[in-house]
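Every heavy atom of this structure was used, including side-chain atoms; hydrogens, water molecules and symmetry mates were not.
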Amino acid sequence: MKYNHQEIDQKWQKYWAENKTFEAKNNSEKPKFYALDMFPYPSGAGLHVGHPLGYIASDIYARYKRHTGFNVLHPMGYDSFGLPAEQYAIQTGTHPAITTAENLKRYREQLDKIGFSFDWDREVRTSDPDYYKHTQWIFIQLYNAWYNNDTDKAEHIDTLVEKFASEGNIYVNASSDDEIEEFTSNEWHAFDDAKQEEFLAKYRLTFLAETVVNWCPKLGTVLANDEIVNGVSERGGYPVERKKMMQWNMRISAYAERLLQGLNDIDWTDSLKETQKNWIGKSKGASVWFAIEGHGDLKFEIFTTRPDTIFGVSYMTLAPEHELVKQITTAECKDAVEAYISETSKRSERERMAEVDKVSGEFTGAYAIHPFSGEKIQIWIGDYVLASYGTGAVMAVPAHDGRDHAFAKKFGLNILQVIEPKQALEEGFDIQETSFDSKEGTIINSDFITGMEVKEAMAVVSNKMEEQGFGMAKINYRLRDAVFSRQRYWGEPFPVYYKNGLPQMIEKEHLPIILPEVEKYLPTETGEPPLGNATVWAWDTEANKVVENTEINNLTVFPLELNTMPGWAGSSWYFLRYMDSENKIDFVSKESQAYWGQVDLYIGGSEHATGHLLYSRFWNKFLKDMGFIDNEEPFKKLINQGMILGTSAFVYRINNTNTFVSKGLKHLHDVTQIHADVNMVINNELNVDAFKAWREEYNNAEFILEDGKYICGSEVEKMSKSKYNVVSPDIIVEDFGADALRLYEMFLGPLEQYKPWKTDGISGVYNFLKKLWKLYIKEDEFVVTDTEPTKEALKTLHKTIKKVKEDIEKFSFNTSVSTFMIAVNELTAQKCTSRAILEPLAVIVAPYAPHIAEELWSKLGYETSIIEAQFPEFNEEYLKESSHNYPIMFNGKKRFMLEFSADATKDEMEKVVREHEKTLAQLGGKAPKKVIVVPKKIINVVG
RNA sequence: GCCUUGGUGGCGGAAUUGGUAGACGCGCUGGAUUCAAAAUCCAGUGAUUUAAUUAUCGUGCGGGUUCGAUUCCCGCCCAAGGUACCA
């Protein structure tokens with residue numbers, strides 16, 4: 001009987017499904033363990049070899065936890081809303097729900113073939129109305145909440161309304177929009193509903209506001225930065241501009257400090273915490289208001305981290321999008337400023353941040369007044385200042401800030417030194433040539449702070465500004481409120497209708513509001529989102545249901561929101577749903593979430609570091625504030641699996657044409673690099689016909705070939721459907737079995753590391769499985785006996801137990817695979833047949849290669865799953881060595897080996913080494929200066 | 001640009017706290033078996049040098065600390081991920 005992976009895989013996958021072997025119970029005498037994977041987006045390309053990497057790791061850990069006595073929750077589901085299905089719908093007219101259902105089916109089949117210990121009864125899908133009704137409900141909770149800085153938590157909006165009614169907003173300490181007009185309780189009562197709502201919106205945790213987006217007029221849609229290449233749309237190559245739009249936003253900034261502090265309480269890698277910390281970007285500094293000459297009371301606010309340099313200000317820079325620019329620009333400067341703004345609107349924010357050497361700007365003709373000195377300061381606009389960061393305005397101190405310096409130099413603006421460096425600078429240092437950005441120094445040329453140290457000056461300036469009413473110390477966060485509207489079809493509809501232009505929430509009992517059918521998935525001709533095409537998309541407030549648009553009367557029937565929610569909406573809370581996925585009423589019951597608590601182990605890609613992982617923490621904290629769940633942080637321990645990278649293929653389109661030029665000739669043209677599907681490329685050569693048939697826009701494409709071939713470029717990058725470089729695990733499972741795939745993915749290298757995919761080494765792990773099999777079954781015979789194990793076999797077994805246990809606990813799965821190989825090689829050489837060795841061996845291998853382990857377990861005579869078996873205990877007795885072979889080194893270089901008994905003392909060993917003839921030969925008879933003996937490691941002779 | 005991670009043989013990688021660099025696997029070379037091949041088994045395999053012993057070099061590059069550095073420190077180079085509407 002040979003090792004037949006296909007038969008064994010099927011047999012045990014069927015057994016696990018039928019016996020619900022991996023069902024998690026919501027109560028148990030065993031301790032609980034919650035192991036979670038980041039759920040996949042089910043793309044049309046199917047599961048690729050990168051997906052299972054993390055799933056296999058968490059599966060090994062989850063199975064190990066079961067072997068050590070835990071009640072394990074290990075669920076899986078799908079992040080099933082998203083752009084690709086919608087894109088496909090636009091291209092083919094197929095409803096995204098159909099595409100998604102097909103993709104999902106394929107994913108499930110693929111996942112099933114790998115033998116995961118998932119509890120499939122708890123599966124969730126974000127695009128399922130039974131799921132997204134809760135996403136809609138959470139949205140409503142956020143709408144009906146504000147953040148009270150005094151209690152440092154979110155509260156129901158009613159408590160804010162009470163405050164307004166009793167004392168106005170003057171004493172309210174909330175996270176809110178900047179610069180809210182003050183009102184008294186009397187004024188509040190005098191406001192009409194619309195006015196009251198206008199004020200409440202400035203405090204709500206989700207609110208409508210104007211936000212800048214990448215607008216592509218030709219496609220009539222908003223684009224992700226991802227969809228823009230070289231300033232034009234990736235699809236079609238159309239121009240893109242920055243435009244303001246009314247959008248739903250989430251006030252994540254209210255949680256900035258808690259998101260930052262919470263990092264101290266979770267077991268995540270330092271690099272990931274660092275990334276989130278930098279993303280939140282806390283900085284201490286000051287807010288300063290500058291008056292504008294000739295504009296009466298008009299002032300604008302800047303944020304600076306260096307209030308100590310306020311006397312070094314030589315000009316101001318506003319973001320070109322700053323709201324005041326139009327108002328203050330003088331007639332003479334108008335044309336140039338407008339041209340510059342229009343130019344800037346074509347550049348993406350990322351370009352503006354990246355291209356630091358492209359210094360550009362324009363003088364507005366207006367002057368600010370220095371609050372202390374009263375001097376006139378030129379106001380410029382420059383694209384190095386971003387509207388979305390801080391207040392979109394900076395006070396420029398060229399002597400002490402690199403970017404301000406470059407700007408001042410280019411435009412011949414004054415550079416005034418106000419800090420004297422503490423340490424003498426290199427000779428020839430000239431503040432006119434290079435800025436001095438360090439905070440180590442003494443203030444000069446600065447009125448009342450001259451002579452102070454930087455730190456002291458910062459505080460003094462802040463205090464003085466506060467006294468005089470034009471500034472104060474302030475903490476600023478880089479973290480911006482998150483835009484929550486998408487002009488897309490395939491996402492959660494908002495549970496929102498508009499009455500007199502004001503948003504109204506729909507009651508919980510009428511949820512879900514189901515995504516309507518549309519004829520076309522594109523934006524409407526008037527530029528509205530795809531839901532603008534829906535004909536049944538109005539809310540009847542009497543019947544409490546969605547009705548035909550023709551019934552809209554704005555008295556009882558109102559238009560519904562046309563935007564949908566972003567991809568991260570559904571993924572921000574799915575980990576809670578798994579705890580209680582059958583709950584028909586609430587998103588999770590109090591009891592279920594109390595039992596499962598935090599996710600004990602979360603495995604997923606580091607590319608989610610600042611998106612999903614921050615948004616989930618935000619929603620989790622909010623839900624806790626509102627009393628729905630108990631834990632402040634959702635994910636106790638988190639491991640980033642490194643991505644498996646793909647090899648992408650590129651074609652080169654000559655700009656503004658539909659002609660593609662082969663790689664070797666691309667330097668002769670201005671070209672745009674575009675991804676081609678790797679499945680259309682063999683040995684870098686493009687299958688031109690397949691490419692033409694790939695997309696409608698390429699049907700008539702023309703090609704400039706070299707040597708009769710179209711040669712593609714290639715790059716190693718993320719494996720992703722959008723890069724068309726996806727490789728599927730199916731063939732590997734078919735040819736080598738699920739256990740080989742599992743072992744191989746682990747064997748590739750450390751879990752956390754990025755690695756390009758290659759199939760070359762798979763035969764190694766397959767050979768290992770065959771050798772493992774042969775320890776138990778030779779020819780057709782089951783050869784395991786009850787003979788006493790040898791000392792060597794016990795040593796092999798126990799060092800394997802020790803190493804594998806340590807490896808699993810530190811998520812070093814690649815080294816376990818090597819350890820198994822060594823163990824099997826040794827036991828084979830020892831001709832071991834003892835049950836006392838081979839039975840525990842099957843259990844240690846089981847988390848990694850569960851199918852073969854189950855089969856061997858049943859051959860060993862067991863009738864229940866191997867998952868019931870206890871993980872074997874390590875016994876140190878078997879590993880004791882009577883001697884150790886020491887390398888004898890001279891000045892760090894190994895020269896020969898010497899064996900010493902385990903109980904030899906340091907002095908004894910030193911003596912032997914000193915007197916050894918080879919030592920004398922090495923040193924030419926001279927006595928060693930020193931001998932260093934490190935027990936169980938090395939002996940080093942210093943000559 | 002900025003933030004994060006990584007760079008070790010032909011390839012994937014190992015090396016627990018600063019202690020024998022290259023475990024394990026792939027590939028390659030030679031051999032056994034076979035009519036032949038597949039499969040399997042055995043031996044070898046960082047580079048230079050040598051018949052061999054040996055010696056020298058060697059963990060992206062340049063410095064430093066140390067008896068001893070893949071590991072710690074300083075300065076660079078290269079690649080990947082993220083950079084706020086891909087998920």
Side-chain angles (χ1 to χ4, degrees), chain A residues 38-41 43 79 81-84 87 211 213-214 221-228 247 269-272 274-275 277-279 281 349-357 384 388 403 478-488 566-568 571 605-612 614 640 642-643 645 715-718 720-723 744 747-750 752-756 758-765 767-768 770 803 806 810 812 814-815 817-822 825 885-894 897 928-932 934 936-943:
Chain A
M38 290 187 186
F39 62 169
Y41 171 79
S43 86
D79 189 11
F81 274 131
L83 266 187
Q87 204 50 53
T211 320
V213 296
N214 300 309
T221 186
V222 173
L223 297 176
N225 282 327
D226 205 56
E227 298 173 287
I228 304 169
Q247 312 247 354
T269 58
D270 288 339
S271 67
L272 188 58
E274 190 65 19
T275 302
K277 203 174 144 190
N278 291 334
W279 186 262
E349 222 170 65
R350 201 177 301 174
E351 279 174 336
R352 286 165 62 176
M353 285 188 286
E355 294 168 10
V356 284
D357 24 306
Y384 75 99
S388 52
R403 282 172 315 170
R478 203 182 73 101
L479 181 69
R480 315 206 284 249
D481 285 335
V483 181
F484 199 69
S485 295
R486 296 292 181 271
Q487 295 68 46
R488 311 283 185 190
W568 56 269
S571 60
S606 63
E607 69 272 25
H608 300 286
T610 54
H612 163 63
L614 209 51
N640 281 134
M643 224 177 295
L645 302 169
E715 258 173 48
V716 169
E717 55 182 357
K718 187 167 151 178
S720 131
K721 53 261 168 201
S722 67
K723 299 187 194 302
Y744 185 59
F747 192 54
L748 275 179
E752 298 90 336
Q753 226 155 77
Y754 285 71
K755 49 224 158 201
K758 267 195 192 167
T759 322
D760 299 350
I762 188 109
S763 60
V765 293
N767 281 339
F768 157 75
K770 287 195 283 190
K803 175 80 173 127
E806 282 170 4
K810 63 180 189 194
S812 172
N814 55 324
T815 48
V817 180
S818 301
T819 304
F820 291 140
M821 289 175 172
I822 293 167
N825 289 345
N885 202 16
Y886 283 87
I888 311 303
M889 308 172 87
F890 290 79
N891 298 321
K893 285 183 186 177
K894 182 180 71 171
M897 304 291 288
K929 281 185 193 150
K930 199 169 157 190
V931 175
I932 294 154
V934 186
K936 291 262 156 65
K937 301 271 188 202
I938 54 110
I939 296 171
N940 191 21
V941 181
V942 184

Asker: Would you mind telling me which of B:G12, B:C86, B:C67 lies closest to the side-chain atoms of A:L83?
Answerer: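 It is B:C86.
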Asker: To the nearest Å, how far apart are A:M889 CE and B:C67 P?
Answerer: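 Between P of B:C67 and CE of A:M889: 15 Å.
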Asker: By the 4.0 Å heavy-atom rule, please label A:Q487 as base, sugar-phosphate, or nothing.
Answerer: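 Since a base atom lies under 4.0 Å of A:Q487, the category is base.
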Asker: Take the protein atom CZ of A:R478 and the nucleotide atom C1' of B:G1, then report the distance between them rounded to whole Å.
Answerer: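 It is 13 Å, rounded to the nearest whole Å.
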Asker: Within the 4.0 Å heavy-atom criterion, would you say A:L479 contacts the bases, only the backbone, or no part of the nucleic acid?
Answerer: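 Since a base atom lies under 4.0 Å of A:L479, the category is base.
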Asker: Specify the separation, in whole Å, of atom NZ of A:K755 and atom C1' of B:U8.
Answerer: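 Taking NZ of A:K755 and C1' of B:U8, I get 16 Å after rounding.
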Asker: Would you call the rings of A:F820 and A:F768 parallel, tilted or perpendicular, where under 30° means parallel and over 60° means perpendicular?
Answerer: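 Plane angle under 30°, so parallel.
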Asker: Can you tell me, in whole Å, how much space there is between the P of B:A15 and that of B:G25?
Answerer: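 Result for the P pair: 16 Å, nearest Å.
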Asker: If the glycosidic angle sits within 90 degrees of zero it is syn, else anti. Tell me which applies to B:G68.
Answerer: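 Nucleotide B:G68 adopts anti.
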Asker: Of all the choices, B:C85, B:A87, B:U4, which nucleotide is nearest to the side chain of A:V213 once you look at every atom?
Answerer: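 Per side-chain heavy atoms of A:V213, the pick is B:C85.
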Asker: Could you tell me whether the phosphate oxygens of B:C85, OP1 or OP2, come under 4.0 Å of any side-chain nitrogen or oxygen in A:N214?
Answerer: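 Result: no.
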Asker: Tell me which nucleotide among B:A87, B:U83, B:G19 gets nearest to the side chain of A:W279.
Answerer: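 Between B:A87, B:U83, B:G19, the one nearest the side chain of A:W279 would be B:U83.
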Asker: Let me know the distance between NZ of A:K937 and P of B:G18, rounded to the nearest Å.
Answerer: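 A:K937 atom NZ is separated from B:G18 atom P by 11 Å.
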Asker: Does any N or O donor sit under 3.5 Å from an N or O acceptor when you compare the side chain of A:Q87 with the base of B:C86?
Answerer: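 There is none.
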Asker: Give A:N814 one of three labels, base, sugar-phosphate or nothing, depending on what nucleic acid heavy atoms sit under 4.0 Å from its own.
Answerer: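 Counting heavy atoms under 4.0 Å across all strands, the contact made by A:N814 is with sugar-phosphate only.
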Asker: Could I get the full list of side-chain contact (heavy atoms from CB on, under 4.5 Å) partners for A:T759, not counting sequence neighbours?
Answerer: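 For A:T759, the residues satisfying side-chain contact (heavy atoms from CB on, under 4.5 Å) (neighbours in sequence not counted) are A:I732, A:W757, A:I762.
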Asker: Which distance, rounded to the nearest 0.5 Å, do you find between the CD of A:Q753 and the CE of A:M643?
Answerer: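 One finds 13.0 Å between CD of A:Q753 and CE of A:M643.
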Asker: Is any N or O donor-acceptor pair between the side chain of A:N278 and the base of B:C3 shorter than 3.5 Å?
Answerer: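 When only heavy-atom distances are counted, A:N278 does not reach the base of B:C3 through any donor-acceptor pair under 3.5 Å.
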Asker: What nucleotide among B:C67, B:A84, B:G13 has an atom nearest to a side-chain atom of A:N940?
Answerer: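 Closest of the options to the side chain of A:N940: B:C67.
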Asker: Nearest whole Å is fine: how far is B:A38 P from A:K770 NZ?
Answerer: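 Going from NZ in A:K770 over to P in B:A38 covers 13 Å.
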Asker: Using a cut-off of 4.0 Å on non-hydrogen atoms, how would the nucleic acid contact of A:E351 be classed: base, sugar-phosphate, or nothing?
Answerer: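 Answer is nothing: A:E351 stays at 4.0 Å or more from every strand.
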Asker: Quick check for you: among B:C85, B:G12, B:U4, whose closest atom lies nearest to any side-chain atom of A:L748?
Answerer: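 Nearest nucleotide to the side chain: B:G12.
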Asker: In this structure, which stretches of RNA chain B are paired as stems of three or more consecutive Watson-Crick or G-U pairs, both distances less than 3.5 Å?
Answerer: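 Stems (3+ consecutive pairs) listed as B:1-7 with B:77-83, B:10-12 with B:24-26, B:27-32 with B:40-45, B:46-48 with B:55-57, B:60-64 with B:72-76.
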Asker: Please assess A:R488 against A:F81 for the test side-chain contact (heavy atoms from CB on, under 4.5 Å), listing each intermediate value before the final yes or no.
Answerer: CA-CA 10 Å; A:R488 311 283 185 190; A:F81 274 131; over 6 Å; no
Asker: For the pair made of CZ in A:R488 and P in B:C85, what is the distance, rounded to whole Å?
Answerer: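 It is 11 Å, rounded to the nearest whole Å.
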Asker: Can you figure out which of B:A87, B:G81, B:C24 approaches the side chain of A:H608 most closely?
Answerer: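 Per side-chain heavy atoms of A:H608, the pick is B:A87.
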Asker: Please give, in whole Å, the distance from B:G81 C1' to A:M38 CE?
Answerer: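 Rounded to the whole Å, the gap is 13 Å.
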Asker: Look up atom NE2 in A:H608 and atom OG1 in A:T610, then write down how far apart they are to the nearest 0.5 Å.
Answerer: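 Going from the NE2 atom of A:H608 to the OG1 atom of A:T610 covers 10.5 Å.
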Asker: Is there a side-chain polar atom (N or O) of A:R480 under 4.0 Å from OP1 or OP2 of B:A84?
Answerer: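 For B:A84, OP1/OP2 do not have a side-chain N/O of A:R480 under 4.0 Å.
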Asker: Look at all strands and tell whether A:N825 reaches a base, only sugar-phosphate, or nothing, counting heavy atoms closer than 4.0 Å.
Answerer: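 Answer is sugar-phosphate: A:N825 comes under 4.0 Å of backbone atoms only.
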Asker: Can you identify which nucleotide, out of B:A84, B:G6, B:C85, has its nearest atom closest to the A:N225 side chain?
Answerer: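 Given the options B:A84, B:G6, B:C85, the side chain of A:N225 is closest to B:A84.
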Asker: Report which part of the nucleic acid A:Y41 touches: base, sugar-phosphate, or nothing (heavy-atom distance under 4.0 Å, all strands).
Answerer: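 The answer is sugar-phosphate, as A:Y41 gets under 4.0 Å only of primed atoms, P, OP1 or OP2.
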Asker: Base, backbone or nothing for each nucleotide of nucleotides 26-33 of chain B, written B, S, -, heavy atoms under 4.0 angstrom, 5' to 3'?
Answerer: S-------
Asker: Between B:C24, B:G19, B:U20, which nucleotide gets closest to the side-chain atoms of A:I822?
Answerer: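 Nearest listed nucleotide: B:C24.
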Asker: Would you classify A:H612 as touching base, sugar-phosphate or nothing, given that sugar-phosphate means primed atoms plus P, OP1 and OP2, and contacts are heavy atoms under 4.0 Å?
Answerer: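 Nothing, no heavy atom under 4.0 Å.
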Asker: What's the CD-P distance between A:E607 and B:A87, to the nearest Å?
Answerer: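 Computing the A:E607:CD to B:A87:P distance gives 13 Å.
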Asker: Indicate, with a heavy-atom threshold strictly under 4.0 Å, whether A:P750 touches base, sugar-phosphate, or nothing.
Answerer: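 The answer is sugar-phosphate, as A:P750 gets under 4.0 Å only of primed atoms, P, OP1 or OP2.
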Asker: Just call it for A:M643: base, sugar-phosphate, or nothing, with non-hydrogen atoms closer than 4.0 Å on any strand.
Answerer: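 Sugar-phosphate, no base atom in range.
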